[in-house]
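Structure first, then comments.
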Amino acid sequence: MRKTYIDNIRWATVLLVLIYHVCYIFNGVGVPGGIPNAKNIPAFDALAYVVYPWFMVLLFVISGMSARYSLQKRTVKQFLRERAVKLLVPSTLGLFAIHWITGYLNIKMGGGLEYIPPALVYPISAVSGTGPLWFIQMLFVFSCILVLLKKTDKNDRVWKACKKANLPIILSLFVVIFGAAQILNMPVLTTYRFGIYFAAFLIGYYVFSHEEVQKKIESARIPMLCLAVIGAVCYTVYYFGSNYTSPECLQSIITNLYLWIVVLAVIGCAKKYCAGETAFTRYMAKSSFGFYILHYPVLTVTCYLLHYRFDFPAIYNYAIALAAELLITCALYEVLKRIPIARYLILGIKKRKD
């Protein structure tokens, strides 16, 4: 069951992730992981505040919906085999193939190379080069747990019951999201938020995968969109200057209410207005996963060179970094998907599909 508007949400959100990472790597509000003492433009920090609370939650909701549709056409073994190749291989073996570059540069910029024996630089760089691949690592884990849940409910009683969810129930799922945000959060590695992301994945699978539920979300798109815009302004003003990746921010009721409103607004508006296809959207739907995997090493190298080898004004750094990220990532994807071993290790593609 292919839904074009879901594909469009996915690739558009991936594109937003690419834009966000440019803002993040040059951030000036103390969020760790960026380039130390980078030239900064506060307006771009504001953009990071607007999108960070909700875009990965949205991707997990969409992934849960897609998992439901996938399992309707595949056996459990086929589903797990495909997920292992597409998700597990790039997020493990791919670290040693290309993502060690990210780890190496992060260690170098942090001044850690002098403390690591030369023989261990490569393996440590690879292990620490995960970057945004945490998303597909968690998605693989969630897919495995989903299979176990499916076996305990062979008649799909839970999924069928969720079909009856009305708009008040859909809105009240904010309580589930808020509660899940408080649990199963990894210390230090704040991106590994198992509670909220697994809840979002299950909501996508059990609730939002129903056409009837999607129509209810669509019917509330205008008020949700208005609230989302108001929420974006209020949220950014309230938290600006603080670390938006800190537990204090991510676990607050303000953050979780804002993100849930945006998720509903995006899904509702996309269902109504973004169900069409063009050659560009078809290409992006097919390629965005590869872009997600490849973009961060490209961006890290670009920003490292801009910061340490050149002395451009800040706005040039942002513009060059974004342009290089988009163009080089696209070109690299087109090259790698044509190389058998590389496309398997890095992109999780067994055979090229034209």
Side-chain angles (χ1 to χ4, degrees), residues 10-56 58-59 98-99 101-111 129-135 190-191 228-229 232-233 235-246 249 259 262 266 280 284 287-288 290-334:
R10 184 185 293 107
W11 71 255
T13 307
V14 168
L15 188 60
L16 192 59
V17 170
L18 270 63
I19 296 170
Y20 160 76
H21 276 140
V22 175
C23 302
Y24 157 75
I25 210 164
F26 289 127
N27 87 84
V29 291
V31 177
I35 292 181
N37 303 312
K39 294 179 180 179
N40 170 258
I41 298 177
F44 291 100
D45 289 336
L47 176 60
Y49 280 89
V50 169
V51 304
Y52 188 79
W54 55 266
F55 64 171
M56 297 311 297
L58 176 63
L59 277 181
I98 191 171
H99 297 285
I101 298 171
T102 299
Y104 176 80
L105 289 178
N106 284 336
I107 294 170
K108 185 175 182 178
M109 288 186 288
T130 302
L133 296 187
W134 64 266
F135 167 66
T190 56
T191 52
V229 172
V233 174
Y235 175 85
T236 303
V237 170
Y238 184 78
Y239 279 110
F240 194 82
S242 62
N243 179 359
Y244 56 78
T245 68
S246 67
C249 180
L259 76 84
V262 177
V266 171
F280 174 75
M284 290 300 297
S287 308
S288 61
F291 289 5
Y292 183 90
I293 289 176
L294 292 172
H295 81 278
Y296 206 66
V298 172
L299 181 62
T300 305
V301 171
T302 302
C303 293
Y304 175 85
L305 293 174
L306 287 170
H307 182 71
Y308 291 100
R309 297 290 185 266
F310 299 94
D311 190 27
F312 295 130
I315 187 62
Y316 285 19
N317 287 344
Y318 281 90
I320 294 170
L322 180 58
E325 179 189 31
L326 296 174
L327 296 175
I328 297 175
T329 297
C330 181
L332 187 60
Y333 170 74
E334 289 298 326

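Nothing here was measured: the structure is a model prediction, and the numbers come from that model. The first residue of the sequence shown is numbered 1, and numbering continues consecutively from there.
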Tyr292 side chain reached by Phe135 side chain, heavy atoms, under 4.5 Å: yes
- prompt: Under 4.5 Å between any side-chain heavy atoms of Tyr49 and Val29, yes or no?
  reply: yes
message: Quick test of your reading: applying salt bridge (Lys or Arg N to Asp or Glu O under 4.0 Å), list the pairs with at least one residue in residues 301-312, sequence neighbours left out, ordered by first then second residue.
response: Lys39-Asp311
Residues which pass ring-ring contact (aromatic ring centres under 6.0 Å, His included) with Tyr52, listed by chain and number, not counting sequence neighbours: Tyr20, Tyr244
Shortest non-hydrogen contact from Ala232 toward Val50: CB-CG1, 4.1 Å
- request: Scan for salt bridge (Lys or Arg N to Asp or Glu O under 4.0 Å) pairs involving residues 17-36, sequence neighbours excluded, and state none if there are none.
  value: none
Leu294 side chain near Ile98 side chain, heavy-atom distance below 4.5 Å: yes
statement: Looking only at heavy atoms, the pair that brings Thr329 and His295 closest together is OG1-CA, 3.4 Å
field: Heavy-atom side-chain proximity of Leu306 to Ile35 below 4.5 angstrom
entry: no
task: Please examine the side chains of Tyr235 and Cys249, heavy atoms only from C-beta on, and report whether any two atoms are closer than 4.5 Å.
output: yes
message: Testing the basics here: between Thr245 and Pro32, what is the closest heavy-atom pair and its distance to 0.1 Å?
response: OG1-CD, 4.4 Å
- line: Minimal heavy-atom distance between Ser246 and Asn243, with the atoms involved, is OG-O, 2.9 Å
field: Gap between atom CD of Glu325 and atom CD1 of Ile19 - 0.5 Å precision
entry: 8.5 Å
- prompt: Can you list the steps and then say if Leu15 with Leu326 is a side-chain contact (heavy atoms from CB on, under 4.5 Å)?
  reply: CA-CA 9 Å; Leu15 188 60; Leu326 296 174; 3.8 Å; yes
- request: Kindly determine whether Phe44 and Tyr318 satisfy ring-ring contact (aromatic ring centres under 6.0 Å, His included), including the steps that lead there.
  value: CA-CA 9 Å; Phe44 291 100; Tyr318 281 90; 4.4 Å; yes
message: Going by side-chain contact (heavy atoms from CB on, under 4.5 Å), name the residues that satisfy it together with Leu327, two or more places apart in sequence or in a different chain.
response: none
task: Applying side-chain contact (heavy atoms from CB on, under 4.5 Å), run through Met56 and Val17 and close with a yes or a no.
output: CA-CA 9 Å; Met56 297 311 297; Val17 170; 4.1 Å; yes
field: Rounded distance [0.5 Å steps], CD1 in Ile25 versus CG in Asn317
entry: 11.0 Å
- prompt: For Tyr308, does the OH atom sit with more than 12 other heavy atoms under 6.0 Å from it, leaving out its own atoms?
  reply: yes
task: Indicate the atoms forming the closest heavy-atom contact of Ala46 with Phe240, along with that distance.
output: N-CE1, 3.7 Å
- prompt: Which atoms form the tightest heavy-atom contact between Phe26 and Ala38, and what is the distance?
  reply: CD2-CB, 3.7 Å
query: Who pairs with Tyr238 by ring-ring contact (aromatic ring centres under 6.0 Å, His included), at least two apart in sequence or on another chain?
result: none
Would you tabulate the side-chain donor-acceptor contacts of residues 296-305 under 3.5 Å, counting partners in other chains and residues two or more places apart, or write 'none'?
{"from": "Thr300", "atom 1": "OG1", "to": "Tyr296", "atom 2": "O", "distance (Å)": "2.7"}
{"from": "Thr302", "atom 1": "OG1", "to": "Val298", "atom 2": "O", "distance (Å)": "2.8"}
{"from": "Tyr304", "atom 1": "OH", "to": "Lys108", "atom 2": "NZ", "distance (Å)": "3.1"}

- prompt: Aromatic rings His21 and Tyr24: how do their planes relate, parallel, tilted or perpendicular, breaks at 30° and 60°?
  reply: perpendicular
